[in-house]
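This is a predicted model, so every value here is computed, not measured. In listed order, ligands and their atoms are each counted from 1. Because only heavy atoms are used, hydrogens play no part in the values below, and waters and symmetry mates are left out as well, while side chains stay in.
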Amino acid sequence: MHVPRVFIETFGCQMNEYDTELVRAILKARGYGFTDSADTADVVLLNTCAIRENAHNKVYGHLGALKPLKEERGLVIGVLGCMAQNLKKDLLAGDSLIDVLVGPDSYRALPDLLERAAAGRKGLAVDLSEYETYADIVPDRIEGVTAWIAVMRGCDNFCTFCVVPYTRGRERSRDLMGIVREAEALAASGCKQVTLLGQNVNSYRDGSHDFADLLLAVADIQGIERVRFTSPHPKDFPDKLLEAVAGHPKVCKHIHLPLQAGSGRILQLMNRTYTRTEYLALVDRIRHRCPAIVLTTDVIAGFCSETDAEFAETYDLVRRVEYHSAYIFKYSERKNTIAARKFADDVPDAIKTERVARLVELQRGISLKKNRALIGQVVEVLVEGDGKRSDQWRGRTDGNIVTVFPKRGQAGSLSAEKLPVPLSDPIKPGSLIPVHITDATVTTLYAHPD
Ligand code: 5AD
Ligand code: SF4
């Protein structure tokens, strides 16, 4: 019997990467196989992102490219994820190439919909759920030394620019023990680092347990060497959580702390629920308790009605905080959001572009300075795999900075010179080893094994 083969292409955030692993598990249980190219697939699924206009455009581009394959051999095409949720019937209309459309809370319906699609019937499942957490499904992960666990889904914050509360629905958390058991199973299979995921991860709650309890419970698992989390909201940072990050050696000293804007008025328009002063006080509190912390952020430039002076406040805050790195986005109006309904998207595109460029330039200088300050230091790196060159290892520091260093026994490496005979490299993916930083760029540290 022919096993239908599926090719899944994933766009967007880590939650989408994780959802692709869930979808693989759901399809595998129903007898589907997988392939790594649309050319050899019976079914192509695009797991989509709706967060900004360019994410949308990318998906349309890929859909267009699938048209000849569909015409030639009746490929079944599915659109999953946030864009499916957001556009609903639009994508099924008329001569649409799409056969199935499945939102983030409806992946269990996918196998049935694909079977119907193979028989020529289009279908969609885009209802949002208050309960679905897929807690009973073990994601079909690509085996490795790092893994993600989605601990909560959805978001209730309704930042006015953001489509997530509409595409992923209400906040709901998995139970703590189920997550701990999943992390224990991962540790038993050789995984060294778990990243706890959620749209608003620090609002996690299971009865009397909060996010700090969860973080510590996972960090205490034998075999798990590092725990990370993303993305937290600055509004949920009690001392207890800070203490968990600062005090537990296995919780990575890295906090991604989305700023979005540095002007009080814009923050209020965005419904971020903190002021500029409160955000800066939080940064101080974090750095005071944990001086080694690496801070990173997200910033949006050119939100509705943002003036030059208000943008200057964002620029000033980014310069003052000196994040290790930052994702800087041009504001992109999203259908149905509060901002799209209530405010005019009135900052001209050229000005948005210029503001983004100025922030990027500022941040690149800061990132380079911070990385260069690490030259000469010894830092611990978790080796994840080969670097771009196969004679190099690639890993990350505790602060999440990408670090590459030569494999032992490779021509030209320091360690090769030290070794009398080039022994087989004792380092492998999953090794946690000290390395000596010798050089740095904006994004990468270069090192030698210590
Ligand atoms: N336009 C631009 N950036 C956005 N983000 C979310 N919504 C938008 C939007 N409409 C950014 C925020 C968020 C990150 C994941 O994406 O900075 O933190
Ligand atoms: Fe979007 Fe705000 Fe929720 Fe983050 S916290 S997912 S930006 S609504």
Side-chain angles (χ1 to χ4, degrees), residues 11-19 48-58 81-83 85-86 104-105 128 150-173 197-204 211 229-237 255-263 266-274 279 282 295-306 311 314 317-318 321 323 325-347 349 351-353 355-356 359-360 363:
F11 302 83
C13 64
Q14 287 152 320
M15 188 62 104
N16 259 16
E17 300 275 353
Y18 180 84
D19 281 357
T48 62
C49 169
I51 200 119
R52 285 172 293 275
E53 184 70 28
N54 55 0
H56 253 212
N57 293 343
K58 251 195 230 169
C82 287
M83 202 170 147
Q85 191 66 47
N86 204 24
D105 285 346
L128 290 174
V151 301
M152 55 84 66
R153 298 177 71 90
C155 182
D156 288 350
N157 284 337
F158 290 93
C159 298
T160 55
F161 54 79
C162 187
V163 80
V164 166
Y166 308 92
T167 61
R168 287 189 169 266
R170 301 287 60 75
E171 247 170 61
R172 65 222 102 116
S173 297
L197 286 183
Q199 259 80 38
N200 195 4
V201 73
N202 50 337
S203 70
Y204 173 88
F211 183 63
F229 59 93
T230 200
S231 277
H233 191 295
K235 77 179 166 57
D236 290 321
F237 248 98
I255 298 176
H256 185 69
L257 201 63
L259 165 69
Q260 313 302 3
S263 140
I266 296 295
L267 284 171
Q268 204 170 11
L269 276 187
M270 287 177 163
N271 189 31
R272 287 295 289 176
T273 71
Y274 51 83
Y279 184 94
L282 174 59
L295 291 179
T296 56
T297 200
D298 292 340
V299 180
I300 298 177
F303 187 62
C304 311
S305 76
E306 183 185 74
F311 170 70
T314 301
L317 199 151
V318 169
V321 172
Y323 299 97
S325 64
Y327 293 103
I328 294 154
F329 306 109
K330 195 195 264 197
Y331 172 59
S332 166
E333 186 177 86
R334 307 316 298 139
K335 228 187 193 173
N336 299 330
T337 56
I338 298 164
R341 283 182 271 135
K342 284 197 175 167
F343 313 136
D345 179 13
D346 54 0
V347 175
D349 194 62
I351 293 184
K352 287 183 186 172
T353 304
R355 289 179 185 170
V356 167
L359 280 175
V360 167
Q363 184 56 50

Checklist entry - So with a 6.0 Å cut-off around CD of Q268, is the heavy-atom count from everything else above 12? => result no
Checklist entry - If you count the non-hydrogen atoms of other residues, nucleotides and ligands that lie under 6.0 Å from CZ in F158, is the total more than 12? => result yes
Checklist outcome for this item: Sorted by chain and number, protein N/O/S atoms nearer to atom 3 (Fe) of ligand 2 than 2.8 Å are C155 SG
Next on the checklist: With heavy-atom distances below 4.0 Å as the criterion, list the atoms of ligand 1 near Q260.
Outcome noted: 12 (C), 13 (C), 17 (O), 18 (O)
Next on the checklist: Is the contact between F329 and ligand 1 made by the side chain, the backbone, both, or neither, using heavy atoms and a 4.0 Å cut-off?
Outcome noted: side chain
Item to check | Per-residue contact class, I300 against ligand 1 - non-hydrogen pairs under 4.0 Å | outcome: side chain
Protein heavy atom at shortest distance from [atom]:
atom: atom 11 (C) of ligand 1; answer: R52 NH1, 3.2 Å
atom: atom 15 (C) of ligand 1; answer: D298 OD2, 3.8 Å
atom: atom 6 (C) of ligand 1; answer: I51 CG1, 3.4 Å
atom: atom 7 (N) of ligand 1; answer: F161 CD1, 3.3 Å
atom: atom 1 (N) of ligand 1; answer: S332 N, 3.0 Å

Checklist outcome for this item: Across all chains, not counting sequence neighbours, the ring pair (Phe, Tyr, Trp, His ring centres under 6.0 Å) partners of Y323 are none
Item to check | Gap separating the OH atom of Y327 from the CD1 atom of I300, nearest 0.5 angstrom | outcome: 14.5 Å
Next on the checklist: Distance check, rounded to the nearest 0.5 Å: R272 atom CZ versus K235 atom NZ?
Outcome noted: 9.5 Å
Checklist entry - So, does R272 sit close enough to ligand 2 that a heavy atom of it is under 4.0 Å from the ligand? => result yes
Checklist entry - What atoms in ligand 2 come closer than 4.0 Å to a heavy atom of F161? => result 7 (S)
Next on the checklist: Any heavy atom of K330 closer to ligand 1 than 4.0 angstrom?
Outcome noted: yes
Item to check | R168 vs L128, side-chain contact (heavy atoms from CB on, under 4.5 Å): CA-CA, chis, key distance, verdict | outcome: CA-CA 7 Å; R168 287 189 169 266; L128 290 174; 5.7 Å; no
Item to check | Partners passing salt bridge (Lys or Arg N to Asp or Glu O under 4.0 Å) against D349 (at least two apart in sequence or in another chain) | outcome: K330
Item to check | Set of residues satisfying salt bridge (Lys or Arg N to Asp or Glu O under 4.0 Å) with respect to R52, sequence neighbours excluded | outcome: none
Checklist entry - Below 4.5 Å, heavy atoms only, C-beta onward: do Q260 and F161 meet side chain to side chain? => result yes
Checklist entry - So, do E171 and Q199 sit near enough that their side-chain heavy atoms are less than 4.5 Å apart? => result no
Checklist entry - Do F229 and Y204 make the cut of ring centroids closer than 6.0 angstrom? => result no
